Amino acid sequence: MPHPAAEVVDVVVVGSGPVGSTFARIIGDARPGCRILVVDVGPRVPGVPGLHTQTMSPEERARARLLTQGAQSGVDQSEVRDPGEAAALDPVLDHDRLVRPGLFLLGEGAKVEGEFGLAAASMSSGIGGMGIHWSGSCPRPNGTERIPFIPAEEMDQAYDVADRLLSVDHDPAPGDDLLQRMRAALAAEFDADAPDASPVTMTPLAVVVDGNGPQVSGPSVILGDLAERVPGFALRPRTLARRVLIEDGAVHGVELECRDTGATYEVRCRHVVVAADALRTPQLLFASGVRPRTLGRYLNDHLKMTGTTTLSRAYTSDDRGRTPGRPIGVVLIPFSSRVREIQGQVHPAARSIWFSGADFAGLAFYGAKDLQFSDRVAFSGSRRDSFGMPAMTVRYTLTDRDRATIELLESTARRAAEALGGSSEDLTFAPGGSSLHYQGSTRMGATDDGESVCDSYGRVWGVDGLTVGGNNVIPTATAANPTITSVALAVRAATTIAGRLE
Ligand SMILES: Cc1cc2nc3c(=O)[nH]c(=O)nc-3n(C[C@H](O)[C@H](O)[C@H](O)COP(=O)(O)OP(=O)(O)OC[C@H]3O[C@@H](n4cnc5c(N)ncnc54)[C@H](O)[C@@H]3O)c2cc1C
């Protein structure tokens, strides 16, 4: 398809994951007359744009996963890495595997000899980004996880909008006896540790219910009927953003590459949003000559401990299969700034959206990384990755504080198992990058003091019209799954861009 060199739009959004989709939706809702071009280097997959793979037939899901694996596109990673179909469907229990179906590893450069590194760092490239593969846990952060320079009330309003966009249900199975008893047992074990912290509760989940029961929501739900209501909205797959074009400190367009023909062309615009994940957002800034001191720095990933626990008979269920009407739920042990800089999730198999079983629960515990300037993704001026973009090298080490957090993850997971009358024999500390929650690499700050890349609206310091979004803008050390925060921050940022459009 020919792309005229003189194509002009109001806003280009790079990346069609949950965050890029939120920018498009919020700007389109506020300015239905404007032209919004969303580009993604990955292809379209079966179904409506951004549909979660869980809602697809098994054949379509397998196809979608093969399509979104970047340079490893077409390689069946479930067969390569994990023979069990149940485990292949199960993001909670696959802790031994470095790469999951639908994703591709950063690979060479992910780990430097002698450092902890991020060997399991993965990305996804397809319409919908990682948001067509994710699990949908959407807990709000607590205490020091929250961003201190955004007024709490304003952030809570943004979270409310984010919850609506992603169809987040804060208690997907109210009154379910099994879940309530498990929650009560874990509350009895943990709430006294941190009386002023958020109590043990249910994990808010991004779900929509269809004829097959609850399904994880994602970019297709965020976008909704935007394409019908905003005639100037376009979603262009297999389109790589090579460079943001900047002159005299202001954006005037982007250089794009059609992945089918290799042809490059320019699109003119005054606003560019880069929401291309926490590794590739700083990569595109680097490729565009935007290289502030903190670019790629303070990279962090949740320390992750996973396993399973047996359950005492009090918490087992006859309800073994994944039937459409079956309740779902995950118990949440929230982060506490004072006593527990970790978050725990207990997934009873009998109430899981992902897997079947009656007498065990999955354990997924995340710890906040000790943030360091030296933890970074760096980019090469000469070497290229498989997309022809600057090659990445991750420099990443653990501190004594991290090692204490890892011990706390293990002891807390064991306490959780024991509180449910079980034991966990298979707790495993996952390789760096396994949480898939990379953060901080274009962090926001209250002022342009050399410690941040953008302001609290994602506006890159010193470049008018350039906004960044995604987990990469989160500046705090967190243990909560980050997507709901990134979507909430995108709501604020997109509202600001819409305000500047005539
Ligand atoms: C199995 C799994 C389970 C998960 N579970 C959870 C969970 O329960 N809760 C949670 O909070 N998070 C979870 N996550 C993480 C979550 O999916 C991400 O936080 C979220 O998708 C980030 O959204 P994003 O839009 O910023 O980036 P992404 O979804 O990664 O999308 C970025 C897009 O940008 C595109 N792109 C990159 N560079 C370019 C370029 N130069 N030009 C054009 N396009 C480009 C990519 O192709 C990609 O499609 C999970 C992830 C996985 C894989």
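Atoms within each ligand, like the ligands themselves, are counted from 1 in listed order. Computed from a predicted model, the values in this text were never measured in an experiment.
Taking all heavy atoms of Arg280, Met130, His133 into account, the minimum distance to atom 46 (C) of ligand 1 is reached by Arg280. The option from Gly50, Gly17, Ser124 that lies nearest to atom 48 (C) of ligand 1, judged by heavy atoms, is Ser124. Residue nearest to atom 10 (C) of ligand 1, selected from Thr483, Thr22, Asp277: Thr483 (by heavy-atom distance). Here atom 9 (N) of ligand 1 lies nearest to Ser137 when heavy atoms of Gly15, Ser137, Gly20, Gly218 are compared. Here atom 6 (C) of ligand 1 lies nearest to Ser135 when heavy atoms of Ala206, Ser135, Gly70, Ala490 are compared.
For the residue pair Ser125 and Arg280, a side-chain donor N or O sits within less than 3.5 Å of a side-chain acceptor on the partner. No hydrogens or angles considered: nothing links the side chains of His437 and Thr478 as a donor-acceptor pair under 3.5 Å. Asn142 and Gln343 share no donor-acceptor pair across their side chains, judged by distance under 3.5 Å alone. There is no side-chain donor-acceptor pair under 3.5 Å between Asn472 and Ser441.
Smallest separation of non-hydrogen atoms from Gly70 and Phe104: N-CD2, 3.5 Å. Taking every heavy atom of both residues into account, Thr306 and Ala364 meet most closely at CG2-CA, 4.2 Å.
Checking only distances, Trp134 never comes within under 3.5 Å of ligand 1, N or O to N or O. Any N or O atom pair closer than 3.5 Å counts here, and Leu240 shares no such pair with ligand 1. For ligand 1, the polar-atom distance check against Gly136 finds a nitrogen or oxygen pair separated by under 3.5 Å. Ligand 1 has an N or O atom lying under 3.5 Å from an N or O atom of Pro18, backbone or side chain. The shortest N/O to N/O separation between Val19 and ligand 1 falls below 3.5 Å. Considering both main-chain and side-chain atoms, Ser16 never comes within under 3.5 Å of ligand 1 through any nitrogen or oxygen pair. Checked against a 3.5 angstrom limit, the closest N/O atoms of Ala241 and ligand 1 fall inside it. Ligand 1 has an N or O atom lying under 3.5 Å from an N or O atom of Gly126, backbone or side chain.
Screening Leu363, Val330, Val331 against His347 for a side chain to side chain contact (heavy atoms under 4.5 Å, CB included) leaves a single residue, Val330.
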For Ser486 and Ile474, run side chain to side chain contact (heavy atoms under 4.5 Å, CB included): C-alpha distance rounded to whole Å, both residues' side-chain angles, the deciding distance at 0.1 Å, then the answer.
CA-CA 7 Å; Ser486 298; Ile474 298 172; 3.7 Å; yes
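Between Phe379 and Phe286, the ring planes are tilted. Angles from 30° to 60° get that label.
Judged by distance alone, the side chain of Arg259 and the main-chain N or O of Val41 form no donor-acceptor pair under 3.5 Å.
Heavy atoms of Ser486 stay at 4.0 angstrom or farther from ligand 1. Gln283 does not count as a contact of ligand 1, since none of its heavy atoms falls under 4.0 Å from the ligand.
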